[in-house]
Undergrad: 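Pasting a structure below so you can have a look.
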Amino acid sequence: MHKHSPPSTKRLLKLKLNGRWREDAVSEQELLVDYLRDVTHLTGTKIGCDGGECGACTVLVDGEAVPSCITLAVRCEGRNVETIEALATQGRLSRLQSAFHEKLGTQCGFCTPGMIMAAEALLRSNPTPTDGEIRTALSGNLCRCTGYVKIIESVKAAAGVTS
Amino acid sequence: MTSAPGTGGKLARRGVPLIDGIEKVTGRARYTADLDHADALVGRILRSPISHGDILSLDVSKARALDGVVAVVTGDDCSHTYGVLPIAMNEYPLARGRVRYRGEPIAAVAAIDEVTAERALGLIELKVKQLPAYYTSEAARAPDAVLLHDDKPGNIERDVHHQFGDVAQGFAAADLVREELFNCAEVNHAQIEPHASLSEFDPATGRLTVQTVSQVGYYLHLMLAECLEMDTSRIRVIKPFIGGGFGARVEALNFEIVTALLAKAAAGKVMMRLTREETFLTHRARPQTDIKLKLGMTKDGRMTACECQVVQRGGAYAGYGIITILYAGALLHGLYDIPAVKYEGSRVYANLPPCGAMRGHGSVDMRHAFECLVDRMTHELGLDPFAVRRANLLRAPTRTMNDLVVNSYGLAECLDKVERASGWRERLGKLPPGKGLGMACSHYVSGAAKPIHRTGEPHAVVNLKLDFDGGVTALTGAAEIGQGSSTMVAIAVAETLDISLERVRVIAADTAVTPKDNGAYSSRITFMVGNAAIDAAKRLKSVLTAAAARKLEARPEDVECLGEVFRVGGGDQSCLSFADVVAAALVDEGAITVKGTFTCPPEFHGGKHRGGAVGSTMGFSYAAQVVEVSVDDATGLITVDKVWVALDCGHAINPLAVEGQIQGSVWMGMGQAMCEETRYLDGLPAHASLLEYRMPTIMDSPPIETDIVESHDPYGPFGAKEASEGALAGFPPALVNAIANAIGISLNELPVTPDRVMDALIQRRRQARLAGSLKAVS
């Protein structure tokens, strides 16, 4: 979306996005989520609220789950940003993606990219989380469809932790 | 579980992931806001800053003159009302003459970017004369209140007076009669995807293409034609992926029409993305409801009579309101056998965003009150809640007093399952202090038997196309909104044809491509569209069988279809592959298109009394649930430890999706019961963010153990009924009953927030102290 008129001060942002380094001119106020969706056209990252409430925009910055709707793009200078689009390698779904698909951890799907990215950050640092650790890691991500039951099952299945 | 007679059941038995699930987990799924709109203008809406007033003047000249503004529209640009019910369309997409709630759209701009659009809104000059505003049903109904709508005296949208059976005689026959007041807060769907709409008007062809979040594309299509004064044939409404609905998007919504008005005025493309606050303002959800309920019961637990008064605060416009107030009364029937029911309902206008349909439409608050009062009377009579339910079961097939037809009824089995699973008999009364168990039942329709637009068309139409590639494409207007309806259609087609699911592709909800469908409302899709899909697949199967017979030089009735192989039954082993049969079928004919339909016969359309069609359906789902809670009596904090729920969905076409729907609906009931509440301060929403509107997070969400009961409905597709709404209404009363079991306090207001629990606890302590003091004195 065209956010700024007339164009505000821009600067060159260099970051690693989904494994590739790239440079873009971005305004200093540009939010990471708008940069991802409008500049790089990676629309898998969703906007569900007016700022920092729902977690649908969760991406990884240097492996840490952050809400991209309250993160400035320029804060990612030189850093490694990963979005939902990066998870499937050569068309093969990641373990989390497979599990969310197979176990119905996704219904309408709108919270799903953020939910999976938050779970991805968890499993990288804690490959065999307990129920409580899963809940804590996903506590900033709202889902309105599932009641979270199958989301927890999906994360556990991906981690190979059986109920 | 066993499969229904006459179905292959291979797919259904194991349950399948959603056919559009991979797009969702990879981020490839495109929702409205994700659609390419680089060349689109940005739409923004100016909203009323006051709750009630006459518009004296609206000057948009400065906004129109601003560089970068391409179009400005106001109420002058659309003189047509819109709405979902033909008898209650009293709303303009942009206010004309009067504003009736804070946040009502007044004007809209399309500009080259967001900043310009916002700046233009700031240049619009609005002069209004404020009128008294009413935020409660009581204030709006006061004798001297200013009318919101001149044709609605008393600010009543609709009064309902229904009586079936002799209530006085019923109460006289009761051993115990109790009456209580209940109050349920207004709640909101809060689907995670904010509203969005992308409209493109091509002045060269005069065509309008709208991609939007609608659950019922064809309603919107009709309203767009009306409001834009266009021929319906020049309009196309396409549903992209939708991030949840729950009823929020059943009606044509003001911003969708406004976006199209802007596109037409700008002769181009306009993207409108509402903020979360605006999404809340668009509302159309469950109204704040006051209930006065009186029940009679014999000492052995038979219900003898029910008398009920309901007042719903419906907001500023009609919307679905008439249906909601009728549902609340109609669905007093159909769950239990009650000999006399009197219902009086009032839908009231108030200066707040309009309410509408929300999951469990009209039934939830009513069911809450009913199941709570039954529980209290049960305990007063020293009876068991399960035994009381069992003493009042219906026997299917039956016709209720208000002419609803119950064709299948699995409530008894639901009761057995949750009683056993929860360990009710062993555990009730033996839990540690502060812990409790509660139970309740609920039901819901599998599609309204009498559709809103009574055109004489079938209730559902599905087209199937089979061409040279051997792929079967199902075309359906049914809106997939995350509930799994497209997957259900694919399964119904694949099972009927005995072909692999991967061979079936579903194209859903594009009014230029798919047959008209009444959409995703009243849990109608599985029942109605499922039946139409089976009908279409049967027709396609007969075409293929005939082609195979020609090729095999046999009679069609001798041809067997074994998966994707056709052969002559009994001895002859020559087989044809699916590709061979398709090739044979295409000879002289070319691409094959077949149509399947489903129509609810008139005998299921409900009673002849006024409003009697509401509640009518061919299949009720039934649910029973048990909730286990812990109550902290120092803080009032309630924790739901576990839920056991059983739902009779007739037959689970896709058990995985059915489970997901049951869990999601129970959880949504939990949100309404525990924490969700819209609040307004002089009409200003105080809840319009996902932080202020408290829905349960994953931290608050309990395990929900589901059990599917299959009563094999005689008319449902493979015996199936709905599964998405029926269990919702049981949660709030089961919770309140569990709290009563835990701490001996009966709560009559929803949500049961810690402060309400504390108020009740403090009041009890005061009363205990007072009683102690009085005793000491005497």
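The basis for the numbers below is simple: all heavy atoms, side chains too, and nothing from hydrogens, waters or symmetry mates. To find a chain, count down the sequence lines: A is the first, B the second, and so on, and within it residues start at 1.
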Undergrad: Side chains of Thr83(A) and Asn18(A): is there a donor and an acceptor less than 3.5 Å apart?
TA: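 Asn18(A) and Thr83(A) do have a side-chain donor-acceptor pair below 3.5 Å.
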Undergrad: Pick from Lys46(A), Lys103(A), Glu85(A): which one has the most heavy-atom pairs with chain B under 4.5 Å?
TA: Lys46(A)
Undergrad: Check whether any side-chain heavy atom of Ile662(B) lies under 4.5 Å from a side-chain heavy atom of Ile708(B), and answer yes or no.
TA: yes
Undergrad: Which bit of Ala190(B) is near chain A, if near means a heavy-atom gap under 4.5 Å: side chain, backbone, both or neither?
TA: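 Interface part for Ala190(B): both.
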Undergrad: Which answer fits Ile242(B), side chain, backbone, both or neither, if we ask what part of it has an atom under 4.5 Å from a heavy atom of chain A?
TA: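 The backbone, not the side chain.
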Undergrad: Mind ranking Ile152(A), Leu104(A), Thr112(A) by heavy-atom pairs under 4.5 Å with chain B and telling me who comes out on top?
TA: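 Counting heavy-atom pairs under 4.5 Å, the top option is Leu104(A).
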Undergrad: Please test Glu278(B) against Arg44(B) for salt bridge (Lys or Arg N to Asp or Glu O under 4.0 Å), starting from the C-alpha separation and ending with a verdict.
TA: CA-CA 11 Å; Glu278(B) 289 179 293; Arg44(B) 297 291 293 147; 3.3 Å; yes
Undergrad: Tell me, please, which residues at least two apart from Trp644(B) pass side chain to side chain donor-acceptor pair (under 3.5 Å).
TA: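 Not a single residue meets the side chain to side chain donor-acceptor pair (under 3.5 Å) criterion with Trp644(B).
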Undergrad: Using non-hydrogen atoms and a 4.5 Å limit, figure out which bit of Ile481(B) sits close to chain A: side chain, backbone, both or neither.
TA: backbone
Undergrad: Contact part of Glu193(B) toward chain A, heavy-atom cut-off under 4.5 Å: side chain, backbone, both or neither?
TA: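 When you check distances to chain A, atoms from both the backbone and side chain of Glu193(B) fall under 4.5 Å.
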Undergrad: Is it the case that the side chain of Gln625(B) and the backbone of Ala727(B) share a donor-acceptor pair, with hydrogens and angles ignored and the cut-off at 3.5 Å?
TA: yes
Undergrad: Looking at Glu676(B), is its backbone amide N or carbonyl O close enough to the side chain of Arg694(B) to form a donor-acceptor pair, meaning the two atoms are under 3.5 Å apart?
TA: no
Undergrad: With rounding to the nearest 0.5 angstrom, report the CG to OG distance, Leu728(B) to Ser665(B).
TA: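 The distance works out to 5.5 Å.
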Undergrad: Looking at Val26(A), is its backbone amide N or carbonyl O close enough to the side chain of Asp24(A) to form a donor-acceptor pair, meaning the two atoms are under 3.5 Å apart?
TA: no
Undergrad: Can you list everything that forms a side chain to side chain donor-acceptor pair (under 3.5 Å) with Glu692(B)? Sequence neighbours excluded, please.
TA: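 In terms of side chain to side chain donor-acceptor pair (under 3.5 Å), with neighbours along the sequence ignored, Glu692(B) is linked to no residue.
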Undergrad: How far apart are the closest heavy atoms of Ala248(B) and Gln191(B), and which atoms are they?
TA: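 The answer is CB-OE1, 3.6 Å.
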Undergrad: Salt bridge between Glu114(B) and Arg273(B), side-chain N to carboxylate O under 4.0 Å?
TA: yes
Undergrad: For Glu480(B), is it the side chain, the backbone, both, or neither that has a heavy atom closer than 4.5 Å to a heavy atom of chain A?
TA: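 Contact with chain A: none, neither part.
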Undergrad: Taking non-hydrogen atoms and a cut-off under 4.5 angstrom, which of residues 124-148 of chain A neighbour chain B?
TA: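 When heavy atoms of chain B are the reference, residues 124-148 of chain A contributes Arg135(A), Thr136(A), Leu138(A), Ser139(A), Leu142(A), Cys143(A), Arg144(A), Cys145(A), Thr146(A), Gly147(A), Tyr148(A) within the under-4.5 Å range.
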Undergrad: Between Phe280(B) and chain A, with a heavy-atom cut-off of 4.5 Å, which part of the residue counts as in contact: side chain, backbone, both or neither?
TA: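 Neither; nothing under 4.5 Å.
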Undergrad: Can you tell me which of Gly44(A), Ser94(A), Ala86(A), Cys108(A) forms the most heavy-atom pairs within a distance under 4.5 Å of chain B?
TA: Cys108(A)
Undergrad: With a 4.5 angstrom heavy-atom cut-off, which part of Arg30(B) approaches chain A: side chain, backbone, both or neither?
TA: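 It is the side chain, since no backbone atom gets that close.
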Undergrad: Can you tell me how far the NE2 atom of His687(B) sits from the CD atom of Glu277(B), to the nearest 0.5 Å?
TA: 9.0 Å
Undergrad: Between Glu118(B) and chain A, which part of the residue has a heavy atom less than 4.5 Å away: side chain, backbone, both or neither?
TA: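 For Glu118(B), there is no contact with chain A at all, as no heavy atom is under 4.5 Å.
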Undergrad: Only heavy atoms, only distances under 4.5 angstrom. Which residues in residues 69-81 of chain A are near chain B?
TA: none
Undergrad: Strictly below 4.0 Å, N to O, side chains only: are Glu53(A) and Arg276(B) in salt-bridge contact?
TA: no
Undergrad: Under 4.5 Å, counting heavy-atom pairs only, tell me which of Asp36(B), Ile22(B), Thr279(B) racks up the most with chain A.
TA: Ile22(B)
Undergrad: Just checking Lys269(B): does its NZ atom have more than 12 heavy atoms from other residues, nucleotides or ligands closer to it than 6.0 angstrom?
TA: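 Yes, NZ of Lys269(B) has more than 12 neighbouring heavy atoms, counting only those of other groups under 6.0 Å.
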Undergrad: In terms of heavy-atom pairs under 4.5 Å, which option from Gly245(B), Gly243(B), Pro703(B), Gly484(B) contacts chain A the most?
TA: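 Among the listed options, the one with the most contacts to chain A is Gly243(B).
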Undergrad: Find the one option among Val666(B), Leu656(B), Ile704(B) whose heavy-atom pairs under 4.5 Å with chain A are most numerous.
TA: Leu656(B)
Undergrad: Just by distance, do the side chain of Arg359(B) and the backbone of Met668(B) share a donor-acceptor pair under 3.5 Å?
TA: no
Undergrad: When you measure from the side chain of Asp34(B) to the backbone of Tyr31(B), do you find a donor-acceptor pair of N or O atoms at a distance under 3.5 Å?
TA: yes
